[in-house]
Every structure is written in C-alpha cells, then in structure tokens.
Amino acid sequence: MSRAPMSDDLFDTIVSLSKQRGFIVQSSEIYGGLSATYDYGPLGVELKRNVKDEWWQSMVYQNDDIVGLDAAIMMHPKTWDASGHTEAFNDPLIDDKASGNRYRADTLIEDYIRDLREDGQEERAAEVHERLVEALNAGEEMNDALHQIIMDEEIPAPESGAFDWTEVRQFNLMFETQMGPVDGQKVFLRPETAQGIFVNFHNAREPARQHIPFGVAQIGKAFRNEIVARQFVFRMREFEQMEMQYFVKPGEELDWYEQWKERRMKWHQSLGIDPASLRFHEHEQLSHYANAAVDIQFDFPIGWKEVEGIHSRTDYDLKRHEEYSGKKMSYYDPWAEERYTPYVVETSVGLDRTIFMLLCDAYYEEEVKGDTRSVLQFHPKVAPVRAAIFPLMDKEGLPDIARDIENDLNQHFNVLYDERGSMGKRYRRQDEAGTPFCITVDFDTLDDQQVTVRDRDTMEQDRVAIDQLATYIFDRTKNWERRDT
RNA sequence: GCGGGAGUAGCUCAGUGGUAGAGCAUCAGCUUCCCAAGCUGAAGGUCGCGGGUUCGAUCCCCGUCUCCCGCUCCA
C-alpha cells in the first residue's frame with residue numbers, strides 16, 4: 001500500500017469531503033453562511049462524541065485524582081476582571097496605511113521605548129513610559145491618548161518604516177450579551193472554560209474529598225471575537241475546549257508540567273495520529289501568568305499549528321480570584337499543617353482542532369486496480385461508524401440475519417446497515433466514512449453461522465462466528481495499529 | 001479590519017447579453033454478487049444575496065454576504 005502524493009490539495013479535499021459526507025458544514029449556509037462558525041453533520045457529531053469520550057475517560061475515569069465539572073457559559077462579569085480578560089482581550093489596534101499591517105498601539109510604544117533605552121536615551125524613554133502608563137489608565141480616552149503618543153514621537157511602522165497611521169481602534173474579543181429581559185446586566189460568553197474551574201476550586205475539591213495534588217476536567221464551548229477567524233474549523237468564533245487544571249503544591253509545578261506534557265503527547269498518539277506529524281513547540285514569550293508553556297502542534301496542510309497548550313499557570317488565577325471576590329482561595333494541607341495557594345498546571349486542547357487533525361491525518365488515497373480508493377484511517381475507537389453490516393444479496397433471508405446482527409451490535413457501538421449497491425461499492429462508501437469493519441452476511445452464513453469481516457486498512461477478510469462478532473470487534477479495536485506511518 | 005483571488009446541481013467544474021450543462025454522488029428498475037461493472041430512467045440549480053444598466057442579466061456595473069491567500073493572536 002502506498003500513499004498517493006498529496007500536497008496543498010489536502011486542505012480543499014478535507015473541506016469538500018467534510019461537507020459531502022456530513023462531517024462538518026458551514027453554519028447557516030442557506031442564508032449565505034455565518035463567518036467562522038461551523039456545524040457538525042451526522043458523521044462529524046459521532047467523531048466528536050467519540051473524541052470527547054476518549055478524553056474524558058483518559059482524564060476523569062482513569063485518574064483517581066481528577067474530577068469532572070460542567071460550568072455555565074455565562075459567568076459573573078467580575079470573573080473576567082480577575083482573569084485579566086477584560087484588559088487583555090481589549091486591544092487598542094492601529095493600522096499602517098502604507099503596508100496594511102496592523103499593530104497593537106501599546107506594544108508599538110513599548111517597543112519604541114525599548115529602542116530608546118538601547119540607544120542610551122534613558123530620560124526620553126522614562127518620559128514616554130510615563131505617558132504610556134498615563135494613557136493606559138485614561139479609560140475612555142485611552143485610544144486617543146495612545147494615538148497622540150505615536151503622533152508626538154513620530155513612531156514609524158516597524159516593517160514599512162512609514163509614518164502613516166489610522167486612528168487607534170478598540171477591539172473587544174469577548175462576546176457580550178444581556179442577562180435579564182429588561183435593562184439586562186451586561187455579561188460575557190466565556191472566552192475560555194478554565195475560569196469556570198478556578199471559581200469552583202472549592203466546590204469541586206471539597207465534595208469530591210480531593211487533596212493537593214488533584215485536577216478538575218471540563219469540556220465546553222468558548223467564544224472569541226477573533227480578528228482573523230478563518231482556515232476552516234481551525235480558528236472559529238464559537239469553539240469547544242477540553243481543559244484540565246491540575247492543582248499542585250508550589251515548587252512542584254515544573255515536575256508536574258513535564259509529566260503532563262508527556263502524557264498529553266501520548267494521548268494524541270493514542271488517537272492514532274502519526275507521531276511524525278506531532279511535535280512540541282516551546283513558547284518563546286510567556287504570558288504574565290505562566291512560568292512555562294508548550295504547545296503540541298500538528299503538521300496540518302496549512303502548516304504546523306497548535307492543537308493543545310500545556311501551561312504552568314502559577315498561582316495567578318486563584319490569587320486574582322481571591323483578590324477580586326474577597327474569598328479565600330487557598331488550601332490547607334492537613335498533613336503538613338500549612339496553608340498555601342496552589343499552583344496550576346493547565347492542559348487545554350481544542351476539540352474542533354483535534355477533529356480537524358484527525359481528518360487530515362486519517363485521509364489518504366491509493367490506487368486499487370486502476371481506481372482510486374479514498375480512506376479515512378481513523379482509529380476504530382473514534383470512527384463515526386464502528387461497523388457496517390451488509391447482506392450479500394436481498395435473498396433467502398440474508399437481510400433478516402444482517403438486521404439481527406445490527407440490533408445486537410448497536411447495543412455496544414454505532415453501526416450502519418446497507419443493502420444498496422454492489423459489495424465493492426458498499427466497501428468504498430465505508431472506506432471514505434472511515435468505518436473500520438464491514439460485516440457481510442452471505443449464503444454460507446445460512447449453514448455455518450459465520451460472516452465475513454472485511455478490514456478497512458488491509459481490505460483483508462476474516463471469517464467470524466456471529467456470536468463472536470462483538471468480542472472480535474472489541475479485540476481488533478483494542479489492538480489496532482496505524483498503517484503506513 | 002486592510003490588500004489580492006473566488007462564489008453555477010450534494011461534490012469537482014464547463015458555459016453564454018436571449019431564463020443553463022458534464023463527470024462523480026443520490027434515488028428507482030433490470031442485471032451482477034466480496035472490492036467504485038453495465039443499461040434505462042428520475043430527482044436535484046430563482047447561476048451567493050440585493051440593486052442598477054438593458055427590450056431582456058448567470059454573464060456588464062455597484063453594494064452586500066461567504067470562502068481562499070497574506071498581516072496580529074490563540075484552543
């Protein structure tokens with residue numbers, strides 16, 4: 001088996017296959033579509049559910065020290081003041097008319113100050129810095145104040161060198177909505193799920209009788225008004241995250257960080273992803289709240305891109321919530337008899353990106369007797385349909401036997417019955433949907449109570465007793481190995 | 001958001017100032033029966049949406065929406 005050469009076309013192929021087969025389609029398509037929002041079709045929703053289940057099992061069920069949570073999408077507005085999103089997700093941006101490039105007005109000035117310092121102009125730098133601080137605290141006047149600094153200092157655009165700026169405009173990356181039908185209070189749709197975990201630190205820990213170290217896992221939607229939201233489901237305005245916050249004793253966070261880094265990489269590989277298409281990417285610049293951060297990247301058709309982030313978030317979030325809520329967010333260790341604010345190691349994976357990764361990684365084409373066979377080589381445990389069941393012909397009660405098998409196997413996993421078209425055609429249909437096993441009831445079945453199970457990856461067939469089918473499929477799923485890595 | 005390109009059947013695409021086709025896919029019938037065979041037929045499109053020019057617009061012009069490629073950030 002050799003993989004047909006594919007290059008830039010893979011992206012387009014995945015997008016059109018997604019639509020044609022019902023994995024992912026653009027939202028509100030009949031009205032012309034809604035930018036950067038997508039719907040999951042019949043196959044897509046199964047794939048998504050399976051990936052969520054895999055994650056939840058690996059986090060919550062397979063770890064004594066991790067519990068689950070499902071927090072509301074809407075949270076008290078103060079949450080976002082505490083988390084820093086009100087500030088950080090509110091960027092003053094300015095465009096260079098010459099190059100069309102966009103910059104953050106405040107970092108533009110910061111870079112300028114740094115240049116002054118490197119140039120030995122300490123006094124000047126301090127002056128501008130003072131004005132910058134003033135501007136940032138000017139409330140509604142901030143944008144004008146920033147603009148004025150750029151004008152007064154005649155700061156040129158970094159790339160073009162031009163001095164031809166637009167006004168400074170505010171970009172709010174958080175979605176706002178109203179809570180209450182009349183004069184509702186302004187609330188936000190959460191831009192990340194993590195804060196739901198932090199504010200519930202005690203509510204999750206105490207009833208579950210957990211002690212440090214322990215973790216809280218959550219799967220849920222988050223919303224961001226991305227300035228540039230494109231590239232299929234890679235960057236959406238409404239997206240789903242699978243996050244786990246692991247609370248540890250201060251000083252131990254980097255050990256846990258290393259451990260979770262490795263465990264998360266193994267998880268992606270356990271989905272059947274080609275290890276050669278996965279890598280770590282260390283952050284060069286750390287967020288103000290992190291003391292270590294790494295991405296797990298996948299080699300998408302659009303380049304190496306981040307699928308998951310693992311961050312050592314220090315005690316920033318809990319400390320901030322303690323400050324803003326006035327509630328104690330620390331932990332008392334009854335054995336060591338000491339009180340401290342835990343540090344947090346975060347693993348945050350994009351569900352939609354994981355789906356996209358699976359589609360890209362699984363897809364291949366090969367030549368079979370002069371025809372092209374398109375296959376989605378999903379790991380059987382995440383495949384939308386685990387097994388398809390075919391009667392060889394619509395004769396001698398073969399469909400009845402096939403239906404019986406369907407009703408038996410659908411107790412365990414998603415299956416699909418199909419009696420239309422030739423055998424070859426039915427096999428190929430399932431190959432493109434990523435169905436790992438096809439079960440065929442033939443005339444011999446009437447005598448020996450056995451059926452043919454055809455393997456998606458090798459196209460080889462096994463003869464299996466009907467009453468052993470479920471066991472056989474579970475076994476093959478467990479021992480599945482990716483081909484052609 | 002700015003610059004460049006593009007929107008015609010479920011998918012990939014032809015096409016013309018006089019209201020549209022192909023291949024694949026789908027459905028029905030015949031045939032075949034373990035790897036996309038064949039034949040016949042059917043269904044499916046107000047040519048992204050709105051406006052303008054014109055006797056007449058899918059085609060020309062304007063606006064708008066959406067997608068793709070660049071520019072910042074992230075899951």
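Every chain is numbered from 1, with letters handed out A, B, ... down the list of sequences.
Nucleotide B:G21 forms a Watson-Crick or G-U wobble pair with B:C13, both donor-acceptor distances falling under 3.5 Å. With a cut-off of 3.5 Å on both pairing distances, the Watson-Crick or G-U wobble partner of B:C27 is B:G41. Across all strands shown, B:G63 forms a Watson-Crick or G-U wobble pair, both distances under 3.5 Å, with B:C49. The nucleotide B:G70 finds its pairing partner in B:C2, both defining distances of the Watson-Crick or G-U wobble pair being shorter than 3.5 Å. Applying the Watson-Crick and G-U wobble criteria (two distances, each under 3.5 Å), B:A36 pairs with nothing in any strand.
On the C1' atoms, B:G51 is 39 Å away from B:C27, given to the nearest whole Å. Nucleotides B:A14 and B:G23 place their C1' atoms 11 Å apart, quoted to the nearest Å. One C1' atom belongs to B:U66, the other to B:G21, and the distance between them is 25 Å to the nearest Å. Distance noted for atom P between B:U46 and B:U53: 25 Å (whole Å).
Summarising the geometry of A:Arg403 relative to A:Glu406, their closest heavy-atom pair is NH1-OE1, 2.9 Å, with the distance given to 0.1 Å.
A cation-pi arrangement is not found for A:Arg454 relative to A:Phe437, the charged atom failing to lie both closer than 6.0 Å to the ring centre and inside a 45° cone about the ring normal.
Residue A:Gln461 has its side chain nearest to B:C35 when only B:C35, B:A36, B:C68 are considered. Comparing atom distances between the A:Ile302 side chain and each of B:A36, B:U66, B:C69 picks out B:C69 as nearest. Nearest to the side-chain atoms of A:Lys19 among the listed nucleotides B:A75, B:C11, B:C33 stands B:C11. Minimum atom distance to the side chain of A:Ser16 is reached by B:C11, of the listed B:A75, B:C35, B:C11. The side chain of A:Gln20 lies closest to B:G10 when the candidates are B:A36, B:C34, B:G10. Ranking B:A28, B:A37, B:C11 by closeness to the A:Arg420 side chain, first place goes to B:A28. Candidate nucleotides B:C68, B:C34, B:A36 were compared by shortest atom distance to the side chain of A:Tyr38, and B:C68 ranks first. Distance from the side chain of A:Met459 is smallest to B:C35 among B:C35, B:C34, B:C11. Of the candidate nucleotides B:A75, B:A36, B:C34, B:A75 has the atom lying nearest to any side-chain atom of A:Ser348.
Between the base of B:C74 and the side chain of A:Glu306 there is no donor-acceptor pair shorter than 3.5 Å. On a pure distance criterion of 3.5 Å, a polar donor-acceptor pair joins the side chain of A:Arg353 and the base of B:C74. Judged by atom type and distance alone, A:Arg224 does not reach the base of B:C74 through any side-chain donor-acceptor pair under 3.5 Å. One donor-acceptor pair, N or O on each side, does fall under 3.5 Å between the base of B:C34 and the side chain of A:Tyr427. Side-chain to base pairing of A:Thr452 with B:C34: one donor and one acceptor N or O lie within less than 3.5 Å of each other.
In A:Met151, the CE atom is crowded: over 12 heavy atoms of neighbouring residues, nucleotides or ligands sit closer than 6.0 Å. At most 12 heavy atoms of other shown residues, nucleotides or ligands fall within 6.0 angstrom of atom CD in A:Glu481.
A:Arg235 places its CZ atom 11 Å from the P atom of B:C68, with the value rounded to the nearest Å. In this entry the distance linking CD of A:Gln450 with P of B:C34 reads 18 Å, nearest Å. Atom pair A:Ile24:CD1 and B:C11:P shows a separation of 15 Å (rounding to whole Å applied).
If you run ring pair (Phe, Tyr, Trp, His ring centres under 6.0 Å) between A:Phe300 and each of A:Phe356, A:Phe11, A:Phe232, only A:Phe356 comes through.
A salt bridge is defined here as a Lys NZ or Arg NE, NH1 or NH2 lying under 4.0 Å from an Asp or Glu carboxylate O, and A:Asp442 with A:Arg463 meets this definition.
An aromatic stack links A:Phe239 and the base of B:A75, using centre distance under 5.5 Å and interplanar angle under 30°.
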